[in-house]
Asks: 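Just dropping this structure here.
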Amino acid sequence: MNFRSYIILMALATLAAWISWALVMHGIDPVRSGTLGFFLFYVTLGIAVLGFMAIAGVLYRLWRNHNELASRIVVRSLRQGVLLSALFIASLILFSHDWFRWWTMLLSVLIAVGIELIFLSSRRT
């Protein structure tokens, strides 16, 4: 898969995820659906945010670094998109259960930063 087809496919998948999230928002009653409704809400929102973050990261890095390989840019942006979307969804879940405090968010951010540092330090030159 070349870079252009990756961007097009990722944009289409992200658009489908945003449409799915909108359908979940307008079509599912969380009182009657129970756990399945909340699961669909968080999964579709997580995939949509992941796609947006990955595409935005790729475009930003292409704009800033013209000399870097596109495959490295895609891998780094996708990994950071996963971490940021997981952080976002985790904070929403914590907030919905009234467990969102400054120290839980700080701990979540430190865990995400630690995971990213592990990936950056294990990179081969």
Side-chain angles (χ1 to χ4, degrees):
M1 175 182 289
N2 62 10
F3 182 71
R4 185 176 185 177
S5 61
Y6 167 77
I7 292 293
I8 291 170
L9 185 66
M10 192 68 160
L12 290 174
T14 302
L15 181 65
W18 282 114
I19 292 170
S20 299
W21 180 70
L23 289 174
V24 167
M25 285 290 295
H26 294 291
I28 294 180
D29 183 18
V31 175
R32 288 189 294 175
S33 65
T35 308
L36 180 64
F38 287 109
F39 177 75
L40 289 174
F41 172 80
Y42 287 120
V43 167
T44 56
L45 182 62
I47 292 171
V49 170
L50 166 64
F52 175 76
M53 291 291 186
I55 291 172
V58 166
L59 295 178
Y60 176 75
R61 283 186 177 86
L62 281 177
W63 178 63
R64 295 283 295 183
N65 300 330
H66 299 289
N67 300 335
E68 196 170 359
L69 287 174
S71 62
R72 290 185 184 177
I73 290 174
V74 166
V75 168
R76 188 178 309 135
S77 296
L78 191 61
R79 180 183 67 232
Q80 290 174 354
V82 166
L83 285 172
L84 287 174
S85 64
L87 188 64
F88 179 69
I89 297 299
S91 65
L92 283 179
I93 292 171
L94 289 173
F95 194 74
S96 71
H97 291 292
D98 286 335
W99 296 339
F100 188 84
R101 304 286 184 266
W102 68 269
W103 55 271
T104 57
M105 198 62 227
L106 180 66
L107 183 62
S108 301
V109 168
L110 288 176
I111 289 170
V113 167
I115 291 171
E116 180 63 22
L117 286 176
I118 288 170
F119 278 109
L120 288 177
S121 66
S122 67
R123 187 178 78 181
R124 297 179 187 179
T125 57

Asks: Mark yes or no for whether R4, through its side chain, and M1, through its backbone, hold a donor-acceptor pair below 3.5 Å.
Replies: no

Asks: Do L9 and V82 share a hydrophobic cluster, counting only Ile, Leu, Val, Met, Phe, Trp and Tyr and linking them when any side-chain heavy atoms are less than 4.5 Å apart?
Replies: yes

Asks: Strictly below 4.0 Å, N to O, side chains only: are E116 and R76 in salt-bridge contact?
Replies: no

Asks: How close do I47 and A17 get, heavy atom to heavy atom, and via which atoms?
Replies: CG2-CB, 3.8 Å

Asks: Apply ring pair (Phe, Tyr, Trp, His ring centres under 6.0 Å) to F95 and list each qualifying residue two or more places apart in sequence or on a separate chain.
Replies: F100

Asks: Is it possible for you to say whether Y42 and V24 belong to one hydrophobic cluster, with membership spreading through side-chain heavy-atom contacts below 4.5 Å?
Replies: yes

Asks: Checking W102 now: which residues fulfil ring pair (Phe, Tyr, Trp, His ring centres under 6.0 Å) with it, not counting sequence neighbours?
Replies: none

Asks: Can you name the nearest heavy-atom pair linking S77 to A54, along with the distance?
Replies: CB-O, 3.7 Å

Asks: Within the 4.5 Å heavy-atom criterion, are R61 and Q80 side-chain neighbours or not?
Replies: yes

Asks: Are F88 and M25 connected into the same hydrophobic cluster when the rule is that any two of I, L, V, M, F, W, Y join if their side-chain heavy atoms are below 4.5 Å apart?
Replies: yes

Asks: Using 0.5 Å steps for rounding, measure from the CH2 atom of W63 to the OH atom of Y60.
Replies: 6.5 Å

Asks: Any donor and acceptor pair, going by atom type alone, linking the side chain of N2 with main-chain N or O of S5 inside 3.5 Å?
Replies: yes

Asks: How far apart are the C-alpha atoms of L120 and R79, what are their side-chain angles, what is the distance that settles it, and do they pass the side-chain contact (heavy atoms from CB on, under 4.5 Å) test?
Replies: CA-CA 11 Å; L120 288 177; R79 180 183 67 232; 3.9 Å; yes

Asks: To the nearest 0.5 Å, tell me how far L84 CG sits from M53 CE.
Replies: 5.0 Å

Asks: On the 0 to 90° scale, with breaks at 30° and 60°, tag the W18-W21 ring pair as parallel, tilted or perpendicular.
Replies: perpendicular

Asks: Side-chain contact, heavy-atom cut-off 4.5 Å: L87 with M105?
Replies: yes

Asks: Do I28 and L36 come within less than 4.5 Å of each other through their side chains, counting heavy atoms only?
Replies: no

Asks: Quick one: do F52 and I7 end up in the same hydrophobic cluster if we chain Ile, Leu, Val, Met, Phe, Trp and Tyr together by side-chain heavy atoms under 4.5 Å apart?
Replies: no

Asks: State whether the number of non-hydrogen atoms from other residues, nucleotides or ligands found under 6.0 Å of F3 atom CZ is greater than 12.
Replies: yes

Asks: To the nearest 0.5 Å, what is the distance between CG (N65) and CD1 (I73)?
Replies: 6.0 Å

Asks: Where do T14 and A48 come nearest, in terms of heavy atoms and distance?
Replies: CG2-O, 3.8 Å

Asks: Nearest 0.5 Å, please: how far is CG in L78 from CG in L83?
Replies: 10.0 Å

Asks: Using the side-chain contact (heavy atoms from CB on, under 4.5 Å) rule, take V49 and I89 through it: C-alpha gap first, then chi angles, then the decisive distance, then the call.
Replies: CA-CA 9 Å; V49 170; I89 297 299; 5.6 Å; no

Asks: Could you state whether L23 and L15 fall into the same hydrophobic cluster, counting links through intermediate Ile, Leu, Val, Met, Phe, Trp or Tyr residues with side-chain heavy atoms under 4.5 angstrom apart?
Replies: yes

Asks: Give a yes or no on this: more than 12 heavy atoms of other residues, nucleotides or ligands lie within 6.0 Å of atom OH of Y6.
Replies: yes

